[in-house]
Each structure stands twice: as structure tokens, then as C-alpha cells.
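We name chains A, B, ... by the order of the sequence lines, and we start the count at 1 in each one.
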Amino acid sequence: MKQLLSCVLTFLLWLALTWSLTPSDIAAGVFISIVIAVILGDIYPEHPQAVFDPKRLFWLAVYVPYFLYFMVRANLDVAYRVIHPDMPIRPGIVKVKTTLRGDIGKLALANSITLTPGTLSVDIVGDDLYIHWINVTTMDPEEQTGTIVSHFERILRRIFR
Amino acid sequence: MTSLLPKVLITVGLLFDLLGCIGLVRLPDVYNRAQAATKCVTLGTCLILFGVATQFGVSALGMKAVLCMLFILFTSPVGAHAIVRGAYKSGVKMWEGSVVDAYRDVATTKPEER
């Protein structure tokens, strides 16, 4: 099942990349998809049908513009700090907690944190995320967690459970 | 109008890439530099590729640009994470103006002692 899904997805990606329907391209695509599915099929999640849960797709659709908004803000924030003659930075590494359980959920959270204003994921150990923060505004762990992770977690929890 | 949009997108993308490069030069240590490099260069490069996609529409070139956008969006934070974590573990010092370092204790203990 996992191998089949992997094979189909890889083949669709191949079609999008080559963007041609000549028999030789399709034959090469089928061959490569099968090889990749046999080697890498194991890394696919255990219950792939969960992807088609409409509730999750709805929250994903909410999350994407929300995330893009923060990403643009992050860039303006960095631009401001870089151009400002005094460079107003107060960097440090802080520790925050996440309540997300799944590995993919944590990955999405860490990636989102990296691309949003002033924060960069350094490491994940269990439930603790170590975040490099370019402008540490508070030393209180509760407030740090609130500022950095809570607004993403609220939506990510509904997507990944 | 259709010929203006790609040019605007590519120009804004180049501007963000430039800001990322200025950040690389001006900011003090590897961790702050990784911040500027990851954020600005990801959005800048995505905007350039999006500009290419709007220029060429649904074609071989446009599809490749969109796929590259997605790949950069997923892989660049992971790359930044790996570089910063590797830098910390191999002993690169943080800037002396840094205010807090919660990672020190964890980074120095070996994985099996956790």
C-alpha cells in the first residue's frame, strides 16, 4: 500500500517535471517511480488516507495564507534590522515546549518557526524546541512559548493531530 | 499588465535576496547570519521563481518553477537547522552581545545520557 502510493506520487511528480507525454518519457518515469518506491516507500506515513480528511485539508487551507503572512513579516523584520544603522538585535537561544505529538507535526512547526519573524529552530529534543531568537524580548519561559509557538500550534494541532 | 507582473515579482525577489546578502555581511555571528540568509533568500528566490511561473504560465518551464518553489520552501529551513546545529555542536561561539543560551547544557551532554 505504502509502496503503491509512493510510486503514484513519484510518477505524478515526474510528469509535472518533464511536462511531456511521449512514450519514452512515460516509460522512463514508470521505471524510476518503481525503483524509488521499492527503495524509499518505507518512509511514507502509516495511514496515508488521513491526508484526504476534509477537516484537515480545511485547516491546511487556513494555515497556508496565515503562514505566508508571517513569512512576509519575517522578511520585513530582518530587512529592518539589517538596514538600521544601529542593528537593534538582542540574540539568544531559548527553550520552548511544544504539545504536538507526531514527528511530521513537529517538523512542520520547526520549519514554520524558522521562516517566521526573528526565530530559527536549532534543535528538537523530545518536546523541547531550542530556538535562536534574534530579539529576545522576555526571559520568562511561559511568555517565550506563547510568543513563538502557540499561534502556530493552534492550527497545526488540527492538521496533524 | 501581464508583462509587468513577472518583472515586478522578480525585482522584489532580487531586492529581498540583496537584503539577505547585506545581512550576511553585517550581522555578528553565524546564528544571526543564518537567520538573515534563510528568511530573505527563501522568500526572494521563491518570488523570482513565481515571477518566472507567471511569465511562462502552464508550460514545462512554469511547472518546473512552481515545483522548485515548493522544494526550496520545504528544504531551506531544514538546511538552516542543520547548519546552525552543526555549528553549535562543533563549538562555534555566540556573539558576546547574546543575552541567553538555554542550549548549552543539552548540546554538551551525549545523546545516550539524556
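Ranked by heavy-atom pairs under 4.5 Å with chain B, the first of A:Thr119, A:Leu13, A:Val72, A:Ile83 is A:Thr119. When B:Ser59, B:Pro28, B:Ala80 are compared by the number of non-hydrogen pairs under 4.5 Å with chain A, B:Ser59 comes out ahead. Residue with the most contacts toward chain A among B:Leu61, B:Val58, B:Val25, B:Val66: B:Val58 (heavy-atom pairs, distance under 4.5 Å). The most heavy-atom pairs under 4.5 Å with chain A, out of B:Leu43, B:Val78, B:Ile83, B:Val84, come from B:Leu43.
Of the two parts of B:Leu73, the backbone and the side chain both hold a non-hydrogen atom closer than 4.5 Å to a non-hydrogen atom of chain A. For B:Phe16, the part lying under 4.5 angstrom from a heavy atom of chain A is the side chain only. At a 4.5 Å heavy-atom cutoff, the contact between B:Ile22 and chain A is made by backbone and side-chain atoms alike.
Across all non-hydrogen atoms, the minimal contact from A:Asp123 to B:His81 is CA-CE1, 3.9 Å. Shortest non-hydrogen contact noted between B:Cys40 and B:Asp17 is O-OD1, 3.8 Å.
A donor-acceptor pair under 3.5 Å is absent between the side-chain atoms of B:Gln35 and the main chain of B:Gly23, judged by distance alone. Between the B:Thr45 side chain and the B:Thr42 main chain, no donor and acceptor come within less than 3.5 Å of each other. Between the side chain of B:Arg26 and the backbone N or O of A:Val82 there is at least one donor-acceptor pair closer than 3.5 Å.
A salt bridge between A:Asp77 and A:Arg81 is present, with a side-chain N of the basic residue lying under 4.0 Å from a carboxylate O of the acidic one.
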